[in-house]
Structures are given as C-alpha cells and as structure tokens.
Amino acid sequence: MRPIRTFSVAPSLPAPIERLQELAYNLFWSWDQDARQLFVRLDRRLWEISGHNPVRMLTLLPRRRLEEAAEDEAFMAQYQQVCAAFDAYLGEAGHWFARAHPEYPPDRPLVAYFSAEFGLTESMPMYSGGLGNLAGDHLKSASDLGVPIVGVGLLYHQGYFRQSLSADGWQQESYPNYDIYTMPLQMIRKPDGRPLSVELALPGRTLTAYVWRVRVGRITLYLLDANAEANRPDDRILTDRLYGGDLEMRIRQEILLGIGGARALEAMGIRPAVYHMNEGHSAFLSLERIRRTMDEQDASFAEALEATAASQVFTTHTPVPAGHDYFPPDMMERYFGDFYRSIKLDRSQFLALGRQNPSDEREAFCMTILALRTAAYSNGVSRLHGAVARRMWQGIWPHVPEEELPIESITNGVHLASWVSDDMAALYDRYLGPRWRAEPDDPTVWRQALDIPPEELWRTHERRRERLIAFARRRLRGQMEARGAPLSDLAEAEQALDPRILTIGFARRFATYKRATLLLQAPERLLRLLTSEEHPVQILVAGKAHPRDDAGKEMIRQIVKFAQDPAVRRRLVFLEDYDIATGRYLVQGVDVWLNTPRRPEEASGTSGMKAAVNGAINVSILDGWWNEAYAPEVGWAIGAGGETPEGDAPDRGAREAATVDRLDAQALFDILEREVAPLFYDRGSDGLPREWIARMQHSIAAIPANYNTHRMVKEYTERFYVPAAVRSTALRQDGLRRARELAAWKAKAARAWPSVQVEEVTSTASDHMPAGQSMTIQAVVQLEGLQPEDVVAEVYLGRVDPRGELRDCVVVPMRRVGPTPDGRFVFEATNVTPHGSGQFGYQVRVRAYHPDLANPFETGLMRWAAS
Ligand SMILES: *Cc1c(COP(=O)(O)O)cnc(C)c1O
C-alpha cells in the first residue's frame, strides 16, 4: 500500500538541547571531533547503527535518553562548548578569503562548483572514489577558508553500490534504497511551502527535478533529485545510482547535472560569477549558460561563448580513456536537436564543440572536449598529469607546442581535519600548536613534527594500528557471518592479523590501471614476505570494482583466492565494501600505504596524503602527486619517474605493459624485502624503530603542509576563481561590450590566419658560436588583414635533441621594427643568447594576440616559419 500523502515528523528535542537538530544538519561534525563526540556520547551503539548519521540517530533515540542528556551536567557542558564553537565557526569574519579578497562579499556565492559525486561522510554515499572525496574536501576547505562557493550535484537514492563477495571471491553488488529523509538534507521549498522544482526538456517529455540542500560548514551544497511524481517511471529513477545504467542514463544524468544545476541556481536567485566543472560530467552547463546569455543579452553564439568561457574553470581528472564520456552523434541529435537550434548552431557546428577534429563527422561527442572548449581556465590534478593531459588533448590546438597548451596543473590535496585520527590530532595539538588546524598549509607549522618525541609518536601510532586490527577483525567476522561461514571460520576471524607486525594498506577503486594484483606477479615471493619469521608483513586490501568492470572484479577474486591459502589467511585480508569509514581506519592505522598505478595513469591519487598526515609511510610508483612529493627521507619510490611523461603513454601496447608490470613488481618486492621490512624491525634496546620513526617525522613534516585542500583551494582561488571573476565581469559590462569585441576579433583573426606567414628569417648566428655570444634575429611577416598589434612574434630557442627536435625552449619576444614597402611587417629580437653550450636551434612564430585572452594560446592561432 502506498500512502496518498507523506510528511515528515521531526524528533522533538528537549529545549535545553534543541540545537542538536541544527548541529546534526550541518556536516561540520564530519570534521570537528568535538561535535562528533557529542553525538557518539548520546548513544555509541545508535551512532553505529545509524551509519554515523546524527540526523537518523536523533530519530532513533528514545525521548527518555534525550531528557537524561539534557539533565546531565557533563553532557550539557560539552553541548554548550560545541554550540559555541559552531557559532564561532559560522560567524568568524577574519578568515582567509575575507582578508585576501575584501572586494568580494563573503556571503554572496562567487563560485558554483559542479560535480557528479561528493564524498563528504560515509553516511551520504554519493561518491565512488577519489573524485568524490576530492569534491567533498574541496567544499570543506572552502568553508574553512571562507571562500564563497556553492556546490551542485545529484542526489542518489541508492548511491554507489554496496559490495560483498561470494565465497569464491566474486564481487556481488546490491543497491539498498537509502532513506533520504533521515539524511542531513533539506528540501528547498518555495515561500508557499511547495517544493522548488526545475524543468528540462528530454526527448518527447519534460523532466522535473527537486532541489535539496546540504550544509557543509559555511557552504551549501545543492543536490538535484529526479524522483518527482510528475516524471515518467524511467525518469524517476534517473538519480537512483551513481555511474549506474547505460549511456542513455548517463546522458540524462549529465543533462540534469549541467543544465538542471544551472537552472536550479537561477531559480534560487543564485548567480555566481564563476562556474567550476569538476570533471567533464557537468559540461552541458556551458550550453545552458550560453543559451541564457544569448537570450538575456541578445548576443550571438560566439559572443555568449566568450562571456561564458571567461567565467568557467574545468578540472580534468584522468588520462584513462574510459574515464571520459563520449556520446554518439545520433544520441546528441536526439537529446540536443532542439537545443542547438535554439542557440543558432547547425548540427556540425554543435558537434564540433565536443570533437577533437571538428570536421570528422563520425567522431563522438566528448564531454572533456566540450569542457576544454568552453572554459578559459583548465587544469590537470598534478604536475605530471598536467603534462599528460596536454599531450592527450594536443589535437585541439594542433599548432601549439605541448608545454604551452592551455591546460595547467593544480595538485590535489585532502581536508586534513577529516582524515587525521583523533589520537594524532591530539599529538599535533600538543607539539605543533593550534595553527596546524587553522593554517594547515603553512610549512613552518609542520616542520615542528621533527620535535615530537619519538616514543610518543610511536605509541600513538601503535594505538591506531591496534584499533585498525580490532576493526578489521570485527569486519571480517561480519563478512563471514553474512556469507554463512561455519563457526570455526568465525573463530578464525579473531585470529586474523597481528597488531604488532608491519602492516601495509592498499585500498582504492579496483580500476585495472591501479594494479591491485601487482604483488601477485610473484606469488612465492609474496608468500615469503607474509610468512617471514624475522620480518613478517600483513596486508589489508579493500576496494570496489565498477559493476561492469569484470577485469577489476577478477583482480579482487585473485586476491581473495590467494588469501584462502591457510599459510597466509591471517596475513592477507580483504575488507568488503570500501567506503570513507573503512578508508579512515586504514589510513589511520597502517605503517605503509601502498600505491601501484601504471604510470602515468594515476592523475593524482589522494589516499596517500591521508595516510601521510597519520604517520604512515608511502611506498608508491612515481606517479600523480607522489611524483612531486617523493624524497628519499619521506618514503619509497617504486621504479623510475621524472617530471615528464616521456616514454609512458596510456595507450601503450599490451606486451609493453606486461613488461612494465613485471619490472615494477620486482622493484616493489626489492624495496619491501630489503628496505621497508628491515627498517621497520630495526629496534633499539627500548623496542623503538628509531630510523622508521625518523622517516615518519620527515613525512609528517613535509607532506601534509603541501598536500592539503587549503593549499589547493587557495590555488584555485588565486589562479582561477578571482581572475575569472575579474575578467568575466569586465567582459560582461555594458551589455557584453568586451565579450562582443573579443568574439569579433577572434572571428577576424581566424579568417585572416590561413594567409598569415612568417616569410623571411635572418639572423646574425653563425654555425659555430662562442658560448655566451648573443645574436639578432629578424623576421618578415605577412599579416594579411591583421595589424601588428593583433599578433605577437617570438623566437623559440632551445637545445636540439638527438632526434632533431627543439627541447627546453625559451621564448624571446620580438619587437616590431617597421613595415616593408610591400605592406609586410618586420619583427626583431636582439640579444638572443643560448645559455650553456652544445647543439642549439631556434624557430620563429607569430600568434594571434588580444589583451582580453585568458590564456595566450587559447585561440590555437599560431604560425611557424616554414623550414
Ligand atoms: C581517498 C579515497 C579514495 C581515493 O583513493 P586513491 O588511492 O587516491 O585513488 C577512494 N575512495 C575512498 C573511500 C577514499 O576515501
């Protein structure tokens, strides 16, 4: 029987503690340990039963217990203290953003941050992995720093799937319906009490979506919900599952996220200056914003595109091809046929927005390319990934050298307070002082980690390892019970693992490039490692494979199969249903955090950062963030790395990949056997592994200071958000005046460009030049319809590598020295000096230039001297 009407009943709280409700509805508790403890203290068992969800917990608590708490002096004292801290947090005026940018009102949203997933707390399972956790941590740090952001995402009723394993280790997926009414969510309603809704056109019908609000400290996250009565049954389930369903489901979800998200903000009267697309899933928002600008300003598509792109930021997160959405042209036609006509494009102009090669009529429509073409600010998520992304998308700007492509890099971070254990936090309070919480991105704060007394650091860490082992045993027992294992096996769970031995953690999505089975390349060696008498090792593994990724599931099965060997079953444990809570236990308790991606496919990785702030040592392939964070005193690097992706390619052949895997596995075993295990067991007479502790201290002193989301959000703010706000405001003034001029200039430059030539280059260089001698280079340039101020001419000077290519180039601007009698222009650079000795060479180029370009290379209009 379905009800004819539903309504919610809020728990009635005794007056003295009525603010518990407000506290429960703000995820502040997810990183403030005092606020969290307040709820735990009310009823530890219900806290667990509720899945660490205080809203749900309050609905389950008997009134009697609440009344008791209201009369408990100690509880009330803690309650008052948490309320005061909460009020102070929300009311704080002198936070970083207010100090750095007093020109922006701190309570008017400056940025809208769009993401398909948000990992904020385990009780809101709306994430699948690193991307979601990054988005969640982004919002939390933005809240701490006072950066005025609103988040926009989707409300998944079933979230990502829940994982269990069959007896033979095959992943089983289940999709429980979560009760969103007992989550820290509130529906947005209109003044008359009815739900606020947004509507969008889908083929032959209209989709209605509701909007929910999540409070994340000072920040609000809005989630769209397609489960509205007005929708067709197959549309009502549109927001059931994250990354579930087929391509049709995916395009509809992305239409809802991008277009629906933009409309929801509009409907609530929220008009941010800047829009940040976290991954390409939300890129349809560009189309909606262009459409709206065309309507409101009576602008052309090109003009609206300039105004829109100027205010957009795009972050790409993976070099793995499966991580990018492609929609076939006919599907785009079905969903966007009316839309593209409404923005006055024809089919091929429209599809070109999502194509690397606009004239290839068969090329599918790629969301990443749409985002790159409609955001003036784009980035990868580590220095190495920035370089890989530039290589990957070079085809969009075919004449621009790879290193100058308009894709920058901002390295990921983590919200430290959300990941650090209470025990470590207490230690930091004592030895680093309160600034590690308020200014976690200040390196001087963390350098004091070198002064933490080694025995205290070690004792704290060992306590966390013990807790992890106890947690793992409980979970193991639960897994076995759920599978119907015999009692004898349940007893075995109590014996699994050992709280005193070297503990390695490996937990992440089981995407194949992450190579969770790298250690299984040499099973005998792994067996020896785990069962060593002298230096025993144990490994905890967790992670979900995407439901359609059989290769990933096979990896899980192999690990479980290996772990069934009685010789190792106590030393190798797979924890099912990896989530934020399991992740926290693991990073807080292990000695070593292992990461084995196939370089350079891990764009950044963040779990190692969470481990580092808890004193674990990273052992990782030099990929993603570790490629820039690694130093011998802070951890171990598996295999060779370097700053550039030279020689690595995501599309390398299978044979080559097998070789790389074998070599990486060997290198990993060598490190574990010869360095990691001996160092861990090298104990002084006091039982302390002094050298190991020193490494922990160096890791804590160096890594958290840089690899945190405070640093990251500040970088986004200074390099992207504020410049985008300034520039787009300027372009939009006076009815889009400068945007229109820029669009007109771009059209003119593009028309003229085929005839622009660098025609004659002369120089004072000789074949053999003494070191340090400079030269003058002149070029005669045919500009056709353009003026000299429409271009920049440059000398491109560098070393010549063995393949005859220019390397490590410097760019020397050329000066205009005058027109030639036949209407061409002469440019000149004097004092061009090669630095060092060896084989050098130069090229000369002109590129289109306009002062309002966000990035000098965004037009892709560049012409080199013919060689
Ligand atoms: C941090 C985190 C990740 C990301 O892990 P990587 O090793 O960086 O891929 C994935 N899932 C959960 C639950 C996390 O907490």
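What you are looking at is a predicted structure, and each value in this text was computed from that prediction instead of being measured. In listed order, ligands and their atoms are each counted from 1.
Less than 4.0 angstrom separates some heavy atom of N133 from each of these atoms of ligand 1: 2 (C), 11 (N), 12 (C), 13 (C), 14 (C), 15 (O). If you number the atoms of ligand 1 from 1 as listed, the ones under 4.0 Å from a heavy atom of G605 come out as 8 (O).
Ranking protein heavy atoms by distance to atom 9 (O) of ligand 1, first place goes to K514 NZ, 2.7 Å. From the protein, the heavy atom lying nearest to atom 4 (C) of ligand 1 is G130 CA, 3.4 Å. If you check which protein heavy atom lies closest to atom 15 (O) of ligand 1, you get K610 NZ, 2.6 Å. For atom 11 (N) of ligand 1, the closest non-hydrogen atom of the protein is Y578 CE2, 3.3 Å. Of the protein's non-hydrogen atoms, the one nearest atom 8 (O) of ligand 1 is T606 N, 2.6 Å. Protein heavy atom nearest atom 7 (O) of ligand 1, with residue, atom name and distance: S607 OG, 2.5 Å.
Checking S421 against R463 by side-chain atom types alone, no donor-acceptor pair falls below 3.5 Å. For the residue pair R162 and S174, no side-chain donor N or O sits within less than 3.5 Å of a side-chain acceptor on the partner. For the residue pair D579 and Y160, no side-chain donor N or O sits within less than 3.5 Å of a side-chain acceptor on the partner.
In D579, the part holding a heavy atom less than 4.0 Å from any atom of ligand 1 is the backbone. The proximity of W593 to ligand 1, defined as any non-hydrogen pair under 4.0 Å, does not occur for either the backbone or the side chain.
Using a cut-off of 4.0 Å between Lys/Arg side-chain N and Asp/Glu carboxylate O, D577 and K544 are scored as salt-bridged. D591 has no carboxylate O lying under 4.0 Å from a charged side-chain N of R464, or vice versa, which leaves the two without a salt bridge.
By the 4.5 Å heavy-atom criterion applied to side chains, I580 and R584 are counted as neighbours.
Ring-centre distance between F114 and H276: not below the 6.0 Å cut-off.
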